[in-house]
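Only heavy atoms go into these numbers, but all of them, side chains included; no hydrogens, no water, no symmetry mates. We count residues from 1, following the sequence as given.
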Amino acid sequence: MKKEILQQIKKLGGNIEHVKGISLQEDLQSITFNTVLYQRPTDKPWATADEEEPIYGIGDFINENEALFKENKEAFYDKIIQKYFRLTIEGFGQMFWEVSPFTPFKEGTEDYTEWNDDFMDDETDLSEIIKVTNDPAPDFILLMTSYGFPDNFYIALSDPNPENPTLFGTDHEVFFREVSNEGNLEDFMNSFMTKEELLEILKKRIEG
């Protein structure tokens, strides 16, 4: 992987100490996170990025802790980081680094046994993946899951650019029957907020 991707992963709280640069799969599987991830607010048709909550429900949390903010700002901001940047399944619109192989085309694997029949039917649509990889039967790495749509994000191990592979999204309700090209891994990782970036957004809004 590109060093810029690894540097961003480290900024976001990922442990990259065991990355050896041997293969994309081994590198990804060697990276661990002790926190969830939040994408930076972006402009939407109904609201600008500045109007969006950077994390779902954080406005209520801030209101509930107004007294602490007035008493001790540092403790207030520390409490925000402790609440949101941890491995929690409570729904805040976060994403989860959950790297694991997915091999529906590789005979002899559990994924093949469970999924190959589904991947052979006419409803499966890998056209977005084939456009990038020219591979109709790739092995995948599940990179992340989320509470949004799509809720699963995959990389094809046959990607022609393993230094900065393309990410593909699909949802459990339309699993590989609808697949979106989510862009390259570097841009995707750069879409997430570091702890410092979140606090910068909040301080700008709260303190002016």
Does a donor on one side chain and an acceptor on the other come within less than 3.5 Å for [X] and [Y]?
X: Asp125; Y: Ser127; value: yes
X: Gln25; Y: Ser23; value: no
X: Asn161; Y: Asn164; value: no

Shared hydrophobic cluster for [X] and [Y] (ILVMFWY, side-chain gaps under 4.5 Å):
X: Trp115; Y: Ile130; value: yes
X: Ile5; Y: Tyr154; value: no
X: Leu143; Y: Val132; value: no
X: Met144; Y: Phe168; value: no

Practice task
Step by step, work out the salt bridge (charged side-chain N to carboxylate O under 4.0 Å, His left out) result for Glu197 and Arg40.
Solution key: CA-CA 9 Å; Glu197 286 174 311; Arg40 196 176 295 106; 3.2 Å; yes

Do you know the tightest heavy-atom contact between [X] and [Y]?
X: Ile201; Y: Met193; result: CD1-SD, 3.8 Å
X: Gly169; Y: Glu182; result: N-CG, 3.7 Å
X: Met1; Y: Leu28; result: SD-CD2, 3.8 Å

Exercise for the section: State yes or no: are the ring centers of Tyr56 and Phe61 separated by less than 6.0 Å? Expected result: no

Practice task
For residues Phe119 and Phe105, establish whether the separation of their ring centroids is below 6.0 Å.
Solution key: yes

Look at the rings of [X] and [Y] and say which category their plane angle falls in: under 30° parallel, 30 to 60° tilted, over 60° perpendicular.
X: Phe188; Y: Phe153; result: tilted
X: Trp97; Y: Phe33; result: tilted
X: Phe102; Y: Phe176; result: parallel

Handout entry: Atom pair CG (Asn190) and CD (Gln39), whose distance is rounded to the nearest 0.5 Å
Key = 11.5 Å

Handout entry: Reported CG-to-CZ distance for the pair Asp118 and Arg177, which is rounded to 0.5 angstrom
Key = 8.5 Å

Practice task
Scan residues 79-95 for pairs that pass side chain to side chain donor-acceptor pair (under 3.5 Å), counting only residues two or more places apart or in two chains.
Solution key: Asn65-Lys79

Fill in the blank from the handout: So the side chain to side chain donor-acceptor pair (under 3.5 Å) pairs with at least one residue in residues 132-144 (sequence neighbours excluded) are Lys106-Asp139, Asp135-Ser158

Exercise for the section: Using the side chain to side chain contact (heavy atoms under 4.5 Å, CB included) rule, take Phe140 and Ile129 through it: C-alpha gap first, then chi angles, then the decisive distance, then the call. Expected result: CA-CA 11 Å; Phe140 297 98; Ile129 298 168; 3.7 Å; yes

Handout entry: Trace of the side chain to side chain contact (heavy atoms under 4.5 Å, CB included) decision for Phe85 with Asn34
Key = CA-CA 8 Å; Phe85 282 88; Asn34 62 1; over 6 Å; no

Handout entry: Close side-chain approach of Asp151 and Thr145, heavy atoms under 4.5 Å
Key = no

Exercise for the section: Using a strict cut-off of less than 4.0 Å between a Lys/Arg side-chain nitrogen and an Asp/Glu carboxylate oxygen, indicate whether Glu163 and Lys2 qualify as a salt bridge. Expected result: no

Exercise for the section: Test Tyr38 against Phe192 for ring pair (Phe, Tyr, Trp, His ring centres under 6.0 Å), laying out the working first. Expected result: CA-CA 5 Å; Tyr38 300 94; Phe192 294 101; 8.9 Å; no

Practice task
Spell out, as yes or no, whether a donor-acceptor pair under 3.5 Å connects the side chain of Glu178 to the backbone of Thr170.
Solution key: no

Practice task
Mark yes or no for whether Thr109, through its side chain, and Thr113, through its backbone, hold a donor-acceptor pair below 3.5 Å.
Solution key: no

Handout entry: Glu4 atom CD, neighbour heavy-atom count above 12 within 6.0 Å
Key = yes

Problem - Other residues, nucleotides, ligands: >12 heavy atoms within 6.0 Å of Ile22 CD1 - result: yes

Exercise for the section: Report the C-alpha distance between Ile80 and Leu198 in whole Å, list the side-chain angles of each, state the deciding distance to 0.1 Å, and finish with yes or no for side chain to side chain contact (heavy atoms under 4.5 Å, CB included). Expected result: CA-CA 10 Å; Ile80 287 175; Leu198 173 65; 4.2 Å; yes

Practice task
Could you check Glu66 against Lys70 for salt bridge (charged side-chain N to carboxylate O under 4.0 Å, His left out), going step by step and ending with a plain yes or no?
Solution key: CA-CA 6 Å; Glu66 185 177 353; Lys70 292 177 179 177; 3.3 Å; yes

Exercise for the section: Supply the members, apart from Val174, of the Ile/Leu/Val/Met/Phe/Trp/Tyr cluster built from side-chain contacts under 4.5 Å; use none for a lone residue. Expected result: Phe149

Exercise for the section: Determine, stepwise, if the pair Val99 / Leu142 fulfils side chain to side chain contact (heavy atoms under 4.5 Å, CB included). Expected result: CA-CA 5 Å; Val99 175; Leu142 170 65; over 6 Å; no

